[in-house]
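This structure is a prediction, so every number in the text was calculated from the model and none was measured. Positions are given from 1 along the sequence.
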Amino acid sequence: MKRSFPRPIPGMAALFAVVLMTTATAQENNQPPEGFASLFNGENLDGWTGGTTRDPRQIAAMPADEREAHGAKLQEAIGEHWRVEGGALISDGQGPHLVTTRGYGNFELWVDYMLKANGDSGVYLRDTPQVQIWDPSNVQAHRHGSDKGSGGLWNNKTHARFPTEVADRPIGEWNRMYIQMVGQYVTVKLNGMTVVENVVMENFFERSLPVFKAGTIHLQTHGSETRFRNVFIREIPDPEADQLLADARGGEDGFESLFNGEDLTGWIGATENYEVVNGAVRCKAGHGGNLLTKDMYGDFIVRLEFKLPPGGNNGLAIRTPGPDVDAAYAGIELQVLDDTAEKFAELAEYQYHGSAYGLAPAARGYLRPVGQWNFQEVRVQGDQVQVVLNGFTILDTNLTEALNKRIDGRDHPGASRTEGHFGFCGHNDPVEFRTIRIKSLGPGE
């Protein structure tokens, strides 16, 4: 009998609905509604700096004096091409973008904008281009997709790049745009109409990696006068973000809980080396071994939260034949690791968090700070294994292809297994897990 998994945050769906309703009645005159902060005070350019379409990693890698000179030049150019008039930010279409002086991770953003005829602009999210803003009636730009309307993720190549419908108001009128960004997922409401819903925003600068975990917001200049006002932001706390991510990835239907929050009923293996503390399963310090589900699984999705101590090391056992084996080779081990620890600075690339140990490396840089809860989803279907950490796809690998490469030079018989236990591979550190739930997948799901 399947057990329904209790939603991590009771009432969050209702709260989110309230938030969405408020987007239709945002306060005017650059005064933020409750829970939001204003990025523009309606009077001057305080809180903004200059920027361009340039990989922020390149700027961060500049020597300090060169980076300072680069910023000063952009700041000077802002005064030449941006002004405040009548409570609106006005760009003449030239010069640098207007960029927030700090970065943001998960957030809701509201911004009103007005274009002139044939206008073209956009909003960069976490330094990444862009939520497109343009004039749908500009016939010359129809070849680029302007007839499809504003709000799309125009620089996407794999995922949807255009909005689902045209929601723009006539040129010369103010438009209201609402943007939600959680992990790699973006939702856009334009003038009250949802035109993009939980679409993956791609990394413009390096397509093989997810979009940046955090970054600044740009108001783009792109050759024509654009006006902005009522620029408000609300940072989304992690528990709310985790619920939104679960919803974006299909909701909780079909999932059953693997852990009752009280004891290790339903688990086998190294039960004496794990303990239950404050509703979480924790590996005892100085102990280890495989803690596995009693049941076996073939194709499935598992969702859970985990928390790493400094230098913490554990793993997720996938399709493991039993407790008394090396899960990394008899099955598959997906690393759970503090990538920031100095002692792990020189590991092989396939040993960092999210990697299929010895088989395929995961993208790095998407863990939350040590001591905070992370939300992770693992999808195992046939030969394909996908790891989504805090809303970012850090691993999406084919086991047969990975097995043929054998990047650690060893045999991996477990990579060919089609069924086994799920669980944790303790490595002597008090790593914690909670809200553990699983959904078996049938053919074609």
Side-chain angles (χ1 to χ4, degrees), residues 20 23-26 28-30 39-40 42 51-53 80-99 108-125 128-181 186-202 204 217-232:
L20 284 178
T23 63
T25 56
E28 305 293 341
N29 304 318
N30 301 302
L39 294 177
F40 169 52
T52 62
T53 305
E80 299 174 6
H81 298 285
W82 288 86
R83 69 185 191 276
V84 176
E85 184 179 293
L89 290 162
I90 305 174
S91 163
D92 65 6
Q94 308 302 316
H97 306 163
L98 208 59
V99 180
E108 292 179 297
L109 177 72
W110 299 353
V111 57
D112 292 354
Y113 69 88
M114 183 193 294
L115 296 175
K116 286 194 171 182
N118 302 328
D120 190 342
S121 185
V123 179
Y124 286 28
L125 308 180
T128 303
Q130 77 204 26
V131 177
Q132 182 69 24
I133 294 173
W134 50 10
D135 176 6
S137 65
N138 181 5
V139 176
Q140 290 185 338
H142 283 182
R143 59 196 169 102
H144 299 303
S146 68
D147 56 312
K148 295 177 175 61
S150 299
L153 306 183
W154 195 80
N155 289 286
N156 273 3
K157 292 187 178 297
T158 301
H159 301 86
R161 65 191 300 241
F162 291 116
T164 56
E165 54 189 314
V166 179
D168 304 67
R169 289 177 180 158
I171 292 300
E173 294 186 15
W174 285 98
N175 294 269
R176 172 154 293 165
M177 181 176 281
Y178 162 87
I179 300 168
Q180 175 190 276
M181 189 172 196
V186 174
T187 293
V188 180
K189 292 169 69 75
L190 181 60
N191 299 317
M193 299 172 64
T194 300
V195 296
V196 169
E197 187 168 17
N198 290 323
V199 173
V200 171
M201 187 175 203
E202 297 167 22
F204 173 79
I217 294 167
H218 296 213
L219 304 180
Q220 185 192 37
T221 57
H222 201 54
S224 58
E225 180 183 292
T226 307
R227 298 182 177 225
F228 300 95
R229 69 180 185 189
N230 297 323
V231 189
F232 309 134

Keeping [X] on the side-chain end and [Y] on the backbone end, is there a donor-acceptor pair under 3.5 Å?
X	Y	answer
His222	Gln94	no
Asn191	Arg176	yes
Thr52	Pro96	no
Asn30	Gly87	yes

Open item on the list: Tell me if the CD atom of Glu173 is crowded by more than 12 foreign heavy atoms within 6.0 Å.
Closed with: yes
Are the side chains of [X] and [Y] in touch, meaning some heavy atoms are under 4.5 Å apart?
X	Y	result
Phe40	Phe232	no
Glu202	Arg161	no
Val84	Leu89	yes
Trp174	Asn230	no
Val186	Val199	no
Tyr124	Gln220	yes
Asp120	Leu115	no
Thr221	His97	yes

Task: Spacing of Leu98 atom CG and His81 atom NE2 [to the nearest 0.5 Å] - done: 12.5 Å
TODO: Drop me the distance from His159's NE2 to Asn198's CG, to the nearest 0.5 angstrom.
DONE: 12.0 Å
Can you see which heavy atom on [X] is nearest to which on [Y], and at what distance?
X	Y	answer
Ile133	Met177	CG1-CE, 4.0 Å
Gly149	Pro163	O-CG, 3.5 Å
Trp154	Gln132	CB-OE1, 3.7 Å
Ile217	Val123	CG2-CG1, 4.1 Å
Ile171	Lys116	CG2-C, 3.5 Å
Asn155	Gln130	ND2-N, 3.5 Å

Open item on the list: Tell me whether the rings of Tyr113 and Phe228 are parallel (<30°), tilted (30 to 60°) or perpendicular (>60°).
Closed with: tilted
